[in-house]
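See structure below.
All values reported here derive from a predicted model rather than from experimental measurement. We count ligands from 1, going down the list as the structure has it; atoms in each ligand are counted the same way. Numbering starts at 1 and runs along the sequence shown.
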Amino acid sequence: MQQDRNIRGIGMTSARTRDRLVERLRQEGIKSTAVLEQIRSVPRHLFVDEALASRAYEDTALPIGLGQTISQPYVVARMTEALLDNFSGESVLEIGTGCGYQTAVLAPLVKTVHTVERIREFYQKARQRLRELDIYNVQFRPGDGWEGWPKYAPYDGILVAAAAAEVPEKLLEQLAPEGRLIMPLGPAGRQDLIMVVRKNDHYEQMSLGAVSFVPLVKGK
Ligand code: SAH
(Lines give C-alpha, C1' and ligand atoms only; values in the text may rest on other atoms or scores of the structure.)
Protein backbone atom coordinates (compact mmCIF):
# COMPACT_ATOMS: atom_id res chain seq x y z
CA MET A 1 0.00 0.00 0.00
CA GLN A 2 2.78 2.40 1.01
CA GLN A 3 4.69 1.38 -2.11
CA ASP A 4 1.60 1.92 -4.25
CA ARG A 5 1.12 5.41 -2.87
CA ASN A 6 4.80 6.20 -3.51
CA ILE A 7 4.57 5.09 -7.10
CA ARG A 8 1.49 7.15 -7.85
CA GLY A 9 3.08 10.13 -6.20
CA ILE A 10 1.71 12.93 -4.07
CA GLY A 11 2.60 16.58 -3.62
CA MET A 12 6.03 17.40 -5.02
CA THR A 13 6.01 14.12 -6.94
CA SER A 14 2.55 14.68 -8.41
CA ALA A 15 1.45 14.51 -12.03
CA ARG A 16 1.60 18.29 -12.31
CA THR A 17 5.21 18.40 -11.11
CA ARG A 18 6.12 15.77 -13.70
CA ASP A 19 4.25 17.61 -16.45
CA ARG A 20 6.33 20.68 -15.69
CA LEU A 21 9.55 18.70 -16.08
CA VAL A 22 8.39 17.22 -19.39
CA GLU A 23 7.42 20.68 -20.66
CA ARG A 24 10.85 22.01 -19.74
CA LEU A 25 12.64 19.19 -21.56
CA ARG A 26 10.47 19.82 -24.59
CA GLN A 27 11.46 23.49 -24.53
CA GLU A 28 15.10 22.48 -24.29
CA GLY A 29 14.79 20.51 -27.50
CA ILE A 30 13.76 16.94 -26.64
CA LYS A 31 11.37 15.90 -29.42
CA SER A 32 10.76 12.19 -28.99
CA THR A 33 7.26 11.65 -27.60
CA ALA A 34 8.18 8.14 -26.50
CA VAL A 35 11.13 9.44 -24.48
CA LEU A 36 9.13 12.30 -22.95
CA GLU A 37 6.40 9.83 -21.97
CA GLN A 38 9.01 7.71 -20.22
CA ILE A 39 10.33 10.75 -18.33
CA ARG A 40 6.75 11.44 -17.26
CA SER A 41 5.97 7.92 -16.15
CA VAL A 42 9.18 6.70 -14.48
CA PRO A 43 8.93 7.64 -10.77
CA ARG A 44 12.31 9.37 -10.38
CA HIS A 45 11.59 10.08 -6.70
CA LEU A 46 11.94 6.36 -5.98
CA PHE A 47 15.54 6.42 -7.26
CA VAL A 48 16.81 8.97 -4.73
CA ASP A 49 16.88 9.20 -0.93
CA GLU A 50 13.58 10.17 0.65
CA ALA A 51 15.17 13.41 1.82
CA LEU A 52 15.70 14.41 -1.82
CA ALA A 53 12.37 13.12 -3.16
CA SER A 54 10.86 16.60 -3.28
CA ARG A 55 13.59 17.62 -5.76
CA ALA A 56 13.30 14.52 -7.94
CA TYR A 57 11.42 16.30 -10.76
CA GLU A 58 13.80 19.22 -10.99
CA ASP A 59 15.99 19.06 -14.07
CA THR A 60 19.15 18.48 -12.09
CA ALA A 61 21.59 15.72 -11.13
CA LEU A 62 21.29 14.67 -7.46
CA PRO A 63 23.67 12.76 -5.17
CA ILE A 64 22.99 9.03 -4.70
CA GLY A 65 25.87 8.37 -2.29
CA LEU A 66 29.45 7.10 -2.68
CA GLY A 67 30.31 10.23 -4.70
CA GLN A 68 27.94 9.30 -7.54
CA THR A 69 24.89 11.04 -8.96
CA ILE A 70 21.57 10.27 -10.61
CA SER A 71 21.85 11.85 -14.06
CA GLN A 72 20.00 15.05 -14.92
CA PRO A 73 16.66 14.21 -16.64
CA TYR A 74 17.60 16.33 -19.69
CA VAL A 75 20.77 14.31 -20.19
CA VAL A 76 18.95 10.99 -19.77
CA ALA A 77 16.36 12.14 -22.31
CA ARG A 78 19.01 13.43 -24.72
CA MET A 79 21.04 10.22 -24.60
CA THR A 80 17.97 8.00 -24.96
CA GLU A 81 16.64 10.09 -27.84
CA ALA A 82 19.99 9.97 -29.64
CA LEU A 83 20.28 6.23 -29.08
CA LEU A 84 16.80 5.51 -30.41
CA ASP A 85 16.63 8.00 -33.30
CA ASN A 86 16.00 5.84 -36.39
CA PHE A 87 17.03 2.82 -34.34
CA SER A 88 16.06 -0.52 -35.78
CA GLY A 89 18.10 -2.57 -33.31
CA GLU A 90 17.02 -4.57 -30.32
CA SER A 91 19.80 -4.96 -27.78
CA VAL A 92 21.45 -2.25 -25.73
CA LEU A 93 24.43 -2.37 -23.38
CA GLU A 94 24.50 0.24 -20.64
CA ILE A 95 27.65 1.04 -18.67
CA GLY A 96 27.18 2.68 -15.25
CA THR A 97 23.79 1.52 -13.95
CA GLY A 98 24.04 3.75 -10.88
CA CYS A 99 20.59 3.92 -9.28
CA GLY A 100 19.00 2.48 -12.44
CA TYR A 101 17.02 5.56 -13.50
CA GLN A 102 18.42 5.72 -17.04
CA THR A 103 17.89 1.96 -17.30
CA ALA A 104 14.23 2.33 -16.31
CA VAL A 105 13.66 5.10 -18.86
CA LEU A 106 15.31 3.11 -21.65
CA ALA A 107 14.21 -0.49 -21.01
CA PRO A 108 10.54 -0.24 -22.08
CA LEU A 109 11.65 1.32 -25.40
CA VAL A 110 13.92 -1.56 -26.52
CA LYS A 111 13.89 -5.34 -26.48
CA THR A 112 16.73 -6.00 -24.05
CA VAL A 113 19.14 -4.03 -21.90
CA HIS A 114 22.33 -5.42 -20.40
CA THR A 115 23.72 -3.11 -17.74
CA VAL A 116 27.06 -3.13 -15.91
CA GLU A 117 27.90 -1.33 -12.64
CA ARG A 118 31.14 -1.49 -10.67
CA ILE A 119 29.66 -0.60 -7.26
CA ARG A 120 27.96 -3.73 -5.95
CA GLU A 121 25.59 -1.86 -3.65
CA PHE A 122 24.18 0.14 -6.59
CA TYR A 123 23.90 -2.97 -8.74
CA GLN A 124 21.81 -4.73 -6.10
CA LYS A 125 19.57 -1.77 -5.37
CA ALA A 126 18.96 -1.00 -9.04
CA ARG A 127 18.05 -4.61 -9.77
CA GLN A 128 15.54 -4.67 -6.92
CA ARG A 129 14.04 -1.30 -7.88
CA LEU A 130 13.43 -2.27 -11.49
CA ARG A 131 11.72 -5.49 -10.40
CA GLU A 132 9.44 -3.44 -8.17
CA LEU A 133 8.59 -1.33 -11.22
CA ASP A 134 7.78 -4.49 -13.21
CA ILE A 135 10.66 -4.02 -15.67
CA TYR A 136 11.92 -7.47 -16.63
CA ASN A 137 13.91 -7.08 -19.86
CA VAL A 138 17.10 -5.96 -18.10
CA GLN A 139 20.09 -8.15 -17.18
CA PHE A 140 22.33 -6.71 -14.44
CA ARG A 141 26.00 -7.38 -13.84
CA PRO A 142 28.48 -6.14 -11.27
CA GLY A 143 31.75 -5.50 -13.07
CA ASP A 144 34.09 -3.21 -14.95
CA GLY A 145 32.45 -1.33 -17.79
CA TRP A 146 35.78 -0.98 -19.64
CA GLU A 147 35.37 -4.68 -20.43
CA GLY A 148 31.77 -4.34 -21.64
CA TRP A 149 29.78 -7.61 -21.41
CA PRO A 150 31.23 -9.86 -24.15
CA LYS A 151 28.87 -12.77 -23.53
CA TYR A 152 25.86 -11.05 -25.12
CA ALA A 153 27.73 -8.99 -27.75
CA PRO A 154 27.30 -7.58 -30.31
CA TYR A 155 24.97 -4.80 -29.20
CA ASP A 156 22.95 -2.55 -31.48
CA GLY A 157 23.43 0.30 -29.04
CA ILE A 158 25.83 1.07 -26.20
CA LEU A 159 25.17 3.84 -23.73
CA VAL A 160 27.90 4.89 -21.29
CA ALA A 161 26.84 6.99 -18.29
CA ALA A 162 30.34 8.01 -17.12
CA ALA A 163 33.08 10.01 -18.83
CA ALA A 164 36.46 8.84 -20.13
CA ALA A 165 39.32 10.39 -22.10
CA GLU A 166 38.95 7.79 -24.83
CA VAL A 167 36.26 5.38 -26.00
CA PRO A 168 36.98 1.95 -24.45
CA GLU A 169 38.31 -0.35 -27.18
CA LYS A 170 36.32 -3.34 -25.90
CA LEU A 171 33.08 -1.41 -26.25
CA LEU A 172 33.83 -0.56 -29.89
CA GLU A 173 34.51 -4.27 -30.49
CA GLN A 174 31.14 -5.20 -28.97
CA LEU A 175 29.19 -2.86 -31.24
CA ALA A 176 27.16 -4.49 -34.05
CA PRO A 177 27.51 -3.24 -37.67
CA GLU A 178 25.62 0.07 -37.91
CA GLY A 179 25.38 -0.02 -34.11
CA ARG A 180 25.85 3.20 -32.18
CA LEU A 181 27.65 4.10 -28.98
CA ILE A 182 26.84 7.19 -26.96
CA MET A 183 29.11 8.47 -24.20
CA PRO A 184 30.59 11.57 -22.59
CA LEU A 185 34.21 12.05 -23.70
CA GLY A 186 36.88 14.26 -22.16
CA PRO A 187 38.08 15.57 -18.76
CA ALA A 188 35.84 17.14 -16.08
CA GLY A 189 34.61 20.55 -17.18
CA ARG A 190 35.28 19.87 -20.88
CA GLN A 191 33.18 16.84 -21.69
CA ASP A 192 31.46 16.36 -24.98
CA LEU A 193 28.61 13.88 -25.52
CA ILE A 194 29.58 11.88 -28.58
CA MET A 195 27.95 9.30 -30.81
CA VAL A 196 30.07 6.69 -32.58
CA VAL A 197 28.53 4.63 -35.40
CA ARG A 198 30.17 1.40 -36.55
CA LYS A 199 30.53 1.23 -40.32
CA ASN A 200 31.96 -1.63 -42.42
CA ASP A 201 35.60 -0.72 -42.03
CA HIS A 202 35.62 2.34 -39.82
CA TYR A 203 33.82 4.22 -37.04
CA GLU A 204 32.12 7.58 -37.52
CA GLN A 205 32.08 10.02 -34.61
CA MET A 206 29.88 13.06 -34.09
CA SER A 207 29.32 15.51 -31.26
CA LEU A 208 25.98 15.99 -29.49
CA GLY A 209 27.03 18.87 -27.21
CA ALA A 210 28.63 19.65 -23.86
CA VAL A 211 27.75 17.57 -20.77
CA SER A 212 29.03 16.86 -17.26
CA PHE A 213 29.41 13.30 -15.92
CA VAL A 214 31.29 11.48 -13.16
CA PRO A 215 34.39 9.60 -14.44
CA LEU A 216 34.38 6.07 -15.85
CA VAL A 217 36.72 4.55 -13.27
CA LYS A 218 39.57 2.38 -14.54
CA GLY A 219 39.48 -1.21 -13.34
CA LYS A 220 37.13 -2.93 -10.89
N1 SAH B 1 22.85 5.90 -15.17
C2 SAH B 1 22.75 6.55 -13.88
C3 SAH B 1 23.90 7.48 -13.61
C4 SAH B 1 25.09 6.77 -13.24
S5 SAH B 1 26.42 7.74 -12.64
C6 SAH B 1 21.42 7.28 -13.77
O7 SAH B 1 20.49 6.94 -14.43
O8 SAH B 1 21.30 8.20 -12.99
C9 SAH B 1 27.73 6.75 -13.28
C10 SAH B 1 27.83 5.35 -12.73
O11 SAH B 1 28.91 4.72 -13.42
C12 SAH B 1 28.16 5.26 -11.24
O13 SAH B 1 27.21 4.46 -10.60
C14 SAH B 1 29.54 4.61 -11.21
O15 SAH B 1 29.74 3.75 -10.12
C16 SAH B 1 29.55 3.84 -12.52
N17 SAH B 1 30.89 3.54 -13.03
C18 SAH B 1 31.99 4.32 -13.04
N19 SAH B 1 33.02 3.68 -13.59
C20 SAH B 1 32.56 2.44 -13.95
C21 SAH B 1 33.17 1.31 -14.57
N22 SAH B 1 34.45 1.29 -14.95
N23 SAH B 1 32.39 0.22 -14.79
C24 SAH B 1 31.08 0.20 -14.43
N25 SAH B 1 30.46 1.24 -13.84
C26 SAH B 1 31.19 2.35 -13.60
Given Glu117, Met79, Gln72, which has its nearest heavy atom closest to atom 13 (O) of ligand 1? Glu117

Name the option, out of Ile119, Ile70, Thr97, that contains the heavy atom nearest to atom 2 (C) of ligand 1. Thr97

Ignoring hydrogens, what is the shortest heavy-atom contact between Val116 and Gly148? Give both atom names and the distance. CG2-O, 4.1 Å

Where's the contact between [X] and ligand 1, heavy-atom distance under 4.0 Å: side chain, backbone, both or neither?
{"X": "Leu66", "result": "neither"}
{"X": "Phe122", "result": "side chain"}
{"X": "Gln68", "result": "side chain"}

Would you say [X] contacts ligand 1, with heavy atoms under 4.0 Å as the rule?
{"X": "Gly143", "value": "yes"}
{"X": "Pro215", "value": "yes"}
{"X": "Asp144", "value": "yes"}

On the ring face of Trp146, is Lys170 found with NZ or CZ under 6.0 Å from the centre and within 45° of the axis? no

Could you check whether Arg44 makes a cation-pi contact with Tyr101, meaning its NZ or CZ is under 6.0 Å from the centre of the six-membered ring and within 45° of the ring axis? yes

Would you call Arg40-Glu37 a salt bridge at under 4.0 Å N-O? yes

Cationic N near anionic O, under 4.0 Å, Glu23 to Arg20: no

For the residue pair Ser207 / Asp192, report whether a side-chain donor-acceptor contact shorter than 3.5 Å exists. yes

Which of the numbered atoms in ligand 1 are below 4.0 angstrom from a heavy atom of Tyr101? 7 (O)

